[in-house]
Amino acid sequence: MLESAATYVRTGNILLAAALLIVLRRRGLAARRPCFASYLFFCAIRGTVLAILPFRSSAYGYTYVATEPIVWLLYVLLVVELYSGALREYAGISALSKWALWLLVAVGLFLSVISLGPDLGSSHPYPLVQIVTAIGRALCTSLALFLLGTAIFFLSYPIPLSRNTLVHSAVCAVYFLTLAAAYFVHNVVGPSSWDVVNLALVLLTSASLLAWVFLLRPEGEHVIVRHRPQWSPEAEEQMLARLDALNGVLLRSI
């Protein structure tokens, strides 16, 4: 029953991803976020191919494993695109953030390799899928932590942020954290949890796609969110001056 429900929701998500891509294009947002648009396009194509193949067959498993690294790369590019847009006026800080992101991803993958005990210590009929999901868990955790770290940075400085940037960042952070937790349960608990985990993942994907459909609006690119600490004009000027100075130092060092 759970597997059938997950199959129906998974099919719906293919249509939702395609619909979101069309909506973003009509709203003029796809050109602003080409990596996000590419991610949606690839997910729709990949989902269609996987839907044609028998679930849990060898062909399904090999296709899933072969295409998962592409999804990981699109995850990283999506996050890079997100904060690069927010820091477009601070090229030096943006470049440093890219190095920090790649370092965090590398550290996360390294830690995943040396902490595979809980994952690999459980019984799993498909070891290759187990390793792939373990790597995916580390990557998603690293990306979620990076997004939370950048959120703290943005809250610490009076950098103008659009509503779309904050919405996109929040949805991505929740998605990555939940995905990492689902991967962990998938590997550690084993086959007995797969139906529940798969249904939870496809429902999470549905919720994320719907959030993007309803919350990413053209006017959201220009609405500056003010629900952040309010600084006095003097304090804000000093903080921005320090930020400009840091950006200048980083630009000269690149």
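Numbering of residues begins at 1 and proceeds along the displayed sequence.
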How would you list all residue pairs meeting side chain to side chain donor-acceptor pair (under 3.5 Å) that involve residues 5-15, not counting sequence neighbours?
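Side chain to side chain donor-acceptor pair (under 3.5 Å) check on residues 5-15 returns N13-S206.
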With no hydrogens and no angle check, is any side-chain donor or acceptor of N164 less than 3.5 Å from a backbone partner on P218?
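Looks like no, no N/O pair under 3.5 Å.
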Donor-acceptor pair, side chain of S208 and main chain of L204, under 3.5 angstrom:
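Here the side-chain-to-backbone pair exists.
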State, with a plain yes or no, whether a side-chain heavy atom of L143 is found less than 4.5 Å away from one of Y175.
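A side-chain contact is absent here, since even the closest heavy-atom pair is not under 4.5 Å.
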Heavy atoms, side chains only, cut-off 4.5 Å: are Y75 and V80 in contact?
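The answer is no, as the side chains (C-beta and beyond) never meet within the 4.5 Å cut-off.
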Side chain to side chain contact (heavy atoms under 4.5 Å, CB included) partners for [X], two or more places apart:
X    : result
L15  : none
S57  : P54, A59, Y60
V213 : L20

Any Lys/Arg nitrogen of R33 or E221 sitting under 4.0 Å from an Asp/Glu carboxylate oxygen of the other?
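Looking at R33 and E221, the cut-off is met.
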List the atom of [X], the atom of [Y], and the distance in Å for their closest heavy-atom pair.
X    : Y    : value
L216 : V167 : CD2-CG1, 4.3 Å
L147 : F176 : CD1-CD1, 4.0 Å
A17  : A44  : CB-CB, 4.4 Å
V197 : A182 : CG1-O, 3.7 Å
V65  : P69  : O-CD, 3.1 Å
H168 : W212 : ND1-NE1, 3.0 Å

Would you say [Y] ends up clustered with [X] if hydrophobic residues are merged whenever their side chains have heavy atoms under 4.5 Å apart, either directly or through other cluster members?
X   : Y    : answer
V23 : L210 : no
L74 : L179 : yes
I52 : Y64  : no
Y62 : L53  : no

What's the separation between atom [atom1] in [X] and atom [atom2] in [Y], rounded to the nearest 0.5 Å?
X    : Y    : atom1 : atom2 : answer
I14  : I45  : CD1   : CD1   : 9.5 Å
R163 : R217 : CZ    : CZ    : 8.5 Å
L199 : S4   : CG    : OG    : 10.5 Å
L50  : T67  : CG    : OG1   : 5.5 Å
T141 : L177 : OG1   : CG    : 7.0 Å
L21  : L16  : CG    : CG    : 12.5 Å

Applying salt bridge (Lys or Arg N to Asp or Glu O under 4.0 Å), which residue pairs with at least one partner in residues 38-50 are found, sequence neighbours left out?
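Of all non-adjacent pairs touching residues 38-50, those that pass salt bridge (Lys or Arg N to Asp or Glu O under 4.0 Å) are R46-E68.
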Does L139 form a side-chain contact (heavy atoms from CB on, under 4.5 Å) with V76? I'd like the steps, not just the answer.
CA-CA 9 Å; L139 178 68; V76 176; 4.0 Å; yes
side-chain contact (heavy atoms from CB on, under 4.5 Å) for L77 and W72? Distances and angles first, verdict last.
CA-CA 9 Å; L77 294 178; W72 298 340; over 6 Å; no
Would I22 and R25 count as a side-chain contact (heavy atoms from CB on, under 4.5 Å) if you check the C-alpha gap in whole Å, the side-chain angles of each, and the deciding distance to 0.1 Å?
CA-CA 5 Å; I22 295 172; R25 289 181 63 86; 5.8 Å; no
Just list the side-chain donor-acceptor pairs under 3.5 Å for residues 34-41, sequence neighbours left out, or say none.
unit_1: S38; atom_1: OG; unit_2: P34; atom_2: O; d: 2.8

